[in-house]
Amino acid sequence: MKQLIATICVLLVIFVGMLIYKKQEINKDNVNAEEVEKIQEYINKIYMWKEVTDEALPVFEDINQAPDKWVWEVIKNNLDEYQVTKEQIMQKGKEIFGENFNKEFPDEGTQALLYQKETNTYVASETNLDNKEDSFFINKIEKKQSGYTVEIVEYLEDYSNVENLTEEELQKNEEDLDYAIYLENLNGERIAELKNNDGETKVIETVKANIDRFTKKLITLENGKGGNLNLKKVEQ
């Protein structure tokens, strides 16, 4: 019995130590888990698709200098309704990018938001995607007085092998499917091959092991109204 109690005590010490270590890692640079989650959610909102916007996340010094194609696609992707007015589009832009956002949405509409003359509204167009998933992971976060500087690492997950699966195979549960996915950098270089069920942790570990072959970008985020984050600039 004494041996059992001693073993339990040792395990408790190890467990508490792991919790303390984990907490220390999360609070590194005074950034807590809630802040990390908030930053992740925001970048997910603005991270688009290379095949649609030329770059999933372009580089710019000021949000008002960002490429129009990317800006309107971000707004379209975050709209609450399928059919909206120009005022709703501009309101969503300020909600995502902040009060300093002053790009003017064209009256004639864009490829992302098509103008409907009969109703004087804009309808979100269909987004056609390829089999390469534009992905990123947060590598570093530095907390500033006015917000955060976030370093991300970008990569592509190539799922083109799905096209080679038979109809019978596609009817299986996803975890039962067996096919390769390829990790590529933004230059289209194939860096590694993984199995589809290896999971996100394995993917990120593989990218980290080859990190010098992938693109890194620095994102400057500012604290906005109501606790929101706003995008200021993106550097490479």
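Predicted, not measured: the structure shown is a model, and the values here were computed from it. Side chains included, hydrogens not; waters and symmetry mates left out as well; all remaining heavy atoms used.
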Ignoring hydrogens, what is the shortest heavy-atom contact between [X] and [Y]? Give both atom names and the distance.
X      : Y      : value
Ile96  : Ile75  : CD1-CA, 4.2 Å
Val74  : Met48  : CG2-CG, 3.6 Å
Ala124 : Lys76  : CB-CG, 3.6 Å
Leu231 : Ile63  : O-CB, 3.8 Å
Asn64  : Asn102 : OD1-N, 2.7 Å
Tyr115 : Lys117 : CE2-CA, 3.6 Å

For Trp70 and Tyr47: C-alpha separation, side-chain torsions, deciding distance, then whether ring pair (Phe, Tyr, Trp, His ring centres under 6.0 Å) applies. CA-CA 9 Å; Trp70 176 82; Tyr47 203 79; 9.4 Å; no
Apply the test side-chain hydrogen bond (donor to acceptor under 3.5 Å, both in side chains) to residues Tyr182 and Glu184: give CA-CA distance (whole Å), side-chain angles for both, the deciding distance (0.1 Å), then the verdict. CA-CA 6 Å; Tyr182 304 109; Glu184 297 181 357; over 6 Å; no
Side-chain ([X]) to main-chain ([Y]) donor-acceptor, under 3.5 angstrom:
X      : Y      : result
Thr149 : Glu142 : no
Asn223 : Ser146 : yes
Asn185 : Glu189 : yes
Lys92  : Asn78  : yes
Asn228 : Lys225 : yes
Asn32  : Glu35  : yes
Lys69  : Gln111 : no
Lys94  : Glu99  : yes
Asn44  : Gln40  : yes
Glu37  : Glu34  : no

Determine, using the 4.5 Å side-chain heavy-atom cutoff (strictly less than), whether [X] and [Y] are members of one ILVMFWY cluster.
X      : Y      : result
Ile191 : Phe137 : yes
Ile46  : Leu218 : no
Leu186 : Val150 : no
Trp49  : Leu79  : yes
Leu156 : Val207 : no

Evaluate the criterion salt bridge (Lys or Arg N to Asp or Glu O under 4.0 Å) for residue pair Lys50 and Asp130; output intermediate values, then yes/no. CA-CA 10 Å; Lys50 187 176 180 182; Asp130 60 21; over 6 Å; no
Go through the steps to decide whether Leu57 and Ile152 satisfy the test side-chain contact (heavy atoms from CB on, under 4.5 Å), and finish with yes or no. CA-CA 11 Å; Leu57 183 65; Ile152 65 167; 4.0 Å; yes
In sequence, state the C-alpha distance, the side-chain angles, and the governing distance for Glu157 and Lys132, and then conclude on side-chain contact (heavy atoms from CB on, under 4.5 Å). CA-CA 5 Å; Glu157 296 178 51; Lys132 292 185 180 183; over 6 Å; no
Worked check of side-chain contact (heavy atoms from CB on, under 4.5 Å) between Lys202 and Leu194: CA-CA 8 Å; Lys202 178 67 173 177; Leu194 299 173; 4.0 Å; yes
Can you tell me if Gln91 has over 12 outside heavy atoms packed within less than 6.0 Å of its CD? no
Just wondering, more than 12 heavy atoms not from Glu108 lying within 6.0 Å of its CD? yes
Apply the test salt bridge (Lys or Arg N to Asp or Glu O under 4.0 Å) to residues Lys38 and Glu41: give CA-CA distance (whole Å), side-chain angles for both, the deciding distance (0.1 Å), then the verdict. CA-CA 5 Å; Lys38 183 178 178 180; Glu41 287 179 357; over 6 Å; no
Value rounded to 0.5 Å, distance of CD in Glu61 from NZ in Lys232: 9.0 Å
Interatomic spacing from NZ in Lys208 to CG in Asn139 - rounded to 0.5 Å: 6.5 Å
Geometric class of the Phe105/Trp72 ring pair [parallel <30°, tilted 30-60°, perpendicular >60°]: perpendicular
Can you label the angle between the Phe214 ring and the Tyr155 ring as parallel, tilted or perpendicular, going by 30° and 60°? perpendicular
Considering the options Gln236, Lys216, Lys217, which one meets the side-chain hydrogen bond (donor to acceptor under 3.5 Å, both in side chains) requirement together with Glu154? Lys217
Are side-chain heavy atoms of [X] and [Y] found at a separation under 4.5 Å?
X      : Y      : answer
Asp107 : Lys86  : yes
Asn230 : Leu221 : no
Thr85  : Ile89  : no

Gln116 vs Leu114, test: side-chain contact (heavy atoms from CB on, under 4.5 Å). Steps then yes/no. CA-CA 7 Å; Gln116 306 293 302; Leu114 306 175; 4.2 Å; yes
